[in-house]
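Here the structure is laid out as structure tokens; the discussion comes afterwards.
Note: hydrogens, waters and symmetry copies are ignored here, and every other heavy atom, side chains too, is used. We name chains A, B, ... by the order of the sequence lines, and we start the count at 1 in each one.
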Protein chains: 2
Amino acid sequence: MTDYRTLRVALLGAGAVGSQVADLLLRHGDELADRAGAKLELAGIAVRNLDAKREADLPRELFTTDAETLIVGSDIVIELMGGIEPARTQVLHAIASGADVVTANKALLATHGSEVFEAADQVGAEVYYEAAAAGAIPIIRPLRDSLAGDRVVRIMGIVNGTTNYILDRMDTEGADFADVLAQAQALGYAEADPTADVEGYDAAQKAAILASLAFHTTVPLDAVHREGITSVDAAMIESARHAGYVIKLLAVCERLAAEDGGTESISVRVYPALVDRAHPLASVHGANNAVFVQAEAAGDLMFYGAGAGGVQTASAVLGDVVSAARRHIAGGVGVGESTRANLPAVPIGRVITRYQITLEVDDRPGVLATVAGILSEGRVSIATVEQTVIEADENTQTGGSARLVIGTHKAREQDLSETVERLAASGVVERVVSVLRVEGN
Amino acid sequence: MTDYRTLRVALLGAGAVGSQVADLLLRHGDELADRAGAKLELAGIAVRNLDAKREADLPRELFTTDAETLIVGSDIVIELMGGIEPARTQVLHAIASGADVVTANKALLATHGSEVFEAADQVGAEVYYEAAAAGAIPIIRPLRDSLAGDRVVRIMGIVNGTTNYILDRMDTEGADFADVLAQAQALGYAEADPTADVEGYDAAQKAAILASLAFHTTVPLDAVHREGITSVDAAMIESARHAGYVIKLLAVCERLAAEDGGTESISVRVYPALVDRAHPLASVHGANNAVFVQAEAAGDLMFYGAGAGGVQTASAVLGDVVSAARRHIAGGVGVGESTRANLPAVPIGRVITRYQITLEVDDRPGVLATVAGILSEGRVSIATVEQTVIEADENTQTGGSARLVIGTHKAREQDLSETVERLAASGVVERVVSVLRVEGN
């Protein structure tokens, strides 16, 4: 075997991903050395609790609770603790100590990314984070490098496996949200506290990271519009199916052209949206993720794979470790991040997309004309209308209602929501059943 | 604007891709400078014929017929001439002159890749070729970098747009190969001489490049098994559909486990294969490409996008140009290629996959038993059988035939082909209608 230089690798965290990273580093050492051009020595694994149960069988002597000491003298520090603190402190400590950092910590990068990247720039260190945006799917290098000569126009990502699993089960089984969530929790696809996933927080963090990369700009987390999937019910799914759609939780990152001599801007948002069943994103099933990228020159691209999972995510982490090692061997000079502009993020109200509005209305002459009039006044143009009569209630003998499913042309979110309010107050609309955005065409 | 250092870029070739690269370099100069950290000055465009018609409106004074002189003093040379010579000579000249090279030339890399990469290694130059394997789809960096810490087990690629267009039209319209090919030629999706595409030569070159990267080994082009799609007819497509499959021209790159204390080996092959309609590759329509990658840790990944087209491919080329520029700015030290092992490539006969065999047999008792016996003797295990009676010919009153469609479990290609020969000679088989490999799961 070639006589390689040894690089010292410190691992922080031994959860689902961390224990797999340690296991692969130990088991595939020779092959990784060939890939990296350096022997990767796992110097230690910092954990909070030495006695916690691990998913892989790892040598006891590698474990320590003293991350601070472990970091000193390491060439590469892998941060897989998750959360903001103490991850942030340890990552900054690693950078200050002269190490390159590999992290899968989307929460940290989405909230303190600028601080971390600036600290790295000042000392010439690199921060690798392929695992932070879409698990095992290689999306960071394509956006940062392969598309660096192009202009990304739009990203639509299914970037949260738990919610895709839930929506997919609801779609295939006609089941209700609460039932599927309970199943997902039982199977380990969802956490006991599912808030981060089902309310879209996880997806929003990833959207911020993807948009930053795609548009070469800083995107603070609070610039990301976020809606979860807790309001999606079986009837909405069924209605979507009837219209040829499937409901997906999408992270949409969009570049908007300059208006009236201003600058370009971007929109970053996470919400459940209808996707045409013929669109490639519609066939992303189970807990899988996919990132659909539209670029000016390259056209449509899609990256598909496992969005989570310990060993899958470990693959992305180890790819970064090899990249960091190659950089060390090549002499410490790395590929810099491209210039970051500061494009403004627009609020959700300025987003332009298509919508599907489902209403229950009185079933009498003139109602459709009234509804159409309100839409027209609100600058919302109708693309399709489907009206069906709802059976009268046998007990109360009330009824005489109809269901209107209206597909709109592109409209501004602000106009749309004001129009829906006026519809609700119009006297002819009994109930606004749902308002969904239509993405992907 | 930031005061950037200027890098001199030479472009060789101004065909469909070259003219788009030149156009984008000129139009997006400022934005590319921000991405690259350097001003990219297009020093000149070497062409054979100064008066040829170009797809973009480019300044006349940039053109020259003297590639040799243009190359000298350039920091980055973009080779988009295609073909082996003079591309090979100019690329080696560029490397010797101290330039980094960006190329989309799959024929050159598949046949003289080792020579080119070794020449670059000797002087510390880099060769970038994102556009050579799957057009605009970023697949090189994911394989080389993102998956460097993983072990790629298998690649299945739809890497030729022309053949995918033809097969897709045959599938959706029930049309015949010759008719669709003629349409494709009329629409510009196929060349006047379609041999390179329809006989699988183009796909084989790309397969060699992908396998080299994925398995970190040298794969000579003559180690790639190659079959084209000229034998695919409407009846085969229809029969595939009936069984829930679609026919795709696949480039399959496979890592095979060591046997009996030997080393691991690989198999690289291009042929039309059945793909389950539920598989992600089945929904790759038109002239699009996709590369499906299975890795030990990462699991299943898919990369989808435009496989050809001038402006789409130009995106990949410019991404490489930006990477090369960043490397120049960072100080000339680059990310090295990982060690290349020399895994042996196995011949097609040792490939193990599933098959669908369609036979016309005598419709009399005992025939199925005979056929099953021959398969069993040949170590080919039957998974599914479907038998249908064929109407007797009204004129000749001959007939009494049946059609047998046999799906097999995994079998060795060698065993399978010998078994099919024995079936053909068995006396009960009137005709071997088709033998197709089933890929994907």
Side-chain angles (χ1 to χ4, degrees), chain A residues 2 20 24-25 28 31-32 34-37 130 136-138 140-142 145-151 216 278 280 283 288 290 293 295-306 309 311-312 314-323 326-327 329-336 338-339 341, chain B residues 2 20 24-25 28 31-32 34-37 130 136-138 140-143 145-151 216 280 283 288 290 293 295-306 309 311-312 314-323 326-327 329-336 338-339 341:
Chain A
T2 321
Q20 294 292 345
L24 290 169
L25 270 173
H28 292 331
E31 190 155 355
L32 287 170
D34 282 344
R35 296 289 88 75
E130 184 64 84
I137 305 174
I140 302 296
R141 285 176 185 80
D145 300 328
S146 307
L147 288 165
D150 204 336
R151 303 190 85 226
H216 310 277
S283 47
N288 285 306
V293 178
E296 267 183 20
D300 293 349
L301 301 169
M302 192 169 89
F303 305 80
Y304 165 93
V311 70
Q312 292 88 343
S315 168
V317 170
L318 283 174
D320 282 349
V321 171
V322 169
S323 288
R326 287 175 178 165
R327 192 179 89 96
I329 296 309
V333 185
V335 172
S338 62
T339 310
Chain B
T2 320
Q20 294 291 346
L24 291 169
L25 269 173
H28 293 332
E31 189 154 355
L32 287 169
D34 283 344
R35 299 289 87 78
E130 184 65 84
I137 305 174
I140 303 295
R141 285 176 185 80
L143 286 177
D145 300 328
S146 308
L147 288 165
D150 204 336
R151 303 190 86 227
H216 309 276
S283 46
N288 285 305
V293 178
E296 265 182 23
D300 294 348
L301 301 169
M302 192 169 88
F303 305 80
Y304 165 94
V311 69
Q312 293 88 341
S315 168
V317 170
L318 283 174
D320 282 349
V321 171
V322 169
S323 288
R326 287 175 178 164
R327 191 178 90 96
I329 297 308
V333 185
V335 170
S338 62
T339 310

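Ranked by heavy-atom pairs shorter than 4.5 Å toward chain B, the options A:Val311, A:Leu301, A:Asp150 are led by A:Leu301. By number of non-hydrogen pairs under 4.5 angstrom with chain B, the leading residue of A:Ala136, A:Ala314, A:Gly309, A:Ala297 is A:Ala297. Comparing B:Ala290, B:Pro138, B:Gly305, B:Ala306 by heavy-atom pairs within less than 4.5 Å of chain A, the highest count is held by B:Pro138. Between chain B and the residues A:Arg141, A:Gln20, A:Glu130, the most heavy-atom pairs under 4.5 angstrom are made by A:Arg141. For the set B:Glu296, B:His28, B:Gln312, the count of heavy-atom pairs under 4.5 angstrom toward chain A peaks at B:Gln312.
Rounding to the nearest 0.5 Å places CD1 of B:Ile137 at 11.5 Å from OG of A:Ser146. Here the CG atom belonging to A:Leu318 is positioned 11.0 Å from the CG atom belonging to B:Leu147, to the nearest 0.5 angstrom. Rounded to the nearest 0.5 angstrom, B:Arg151 CZ and A:Arg35 CZ are separated by 8.5 Å.
A:Pro142 is not listed as a side-chain neighbour of B:Phe303, based on a closest heavy-atom distance of 4.5 Å or more. Within the 4.5 Å cutoff, the side chain of A:Arg326 has heavy atoms near those of the B:Asp145 side chain.
Heavy atoms only, all atoms of each residue included: B:Leu32 and A:Ala148 are closest at CD2-O, 4.1 Å.
Contacts between A:Leu24 and chain B at a heavy-atom distance below 4.5 Å involve the side chain alone, from C-beta outward.
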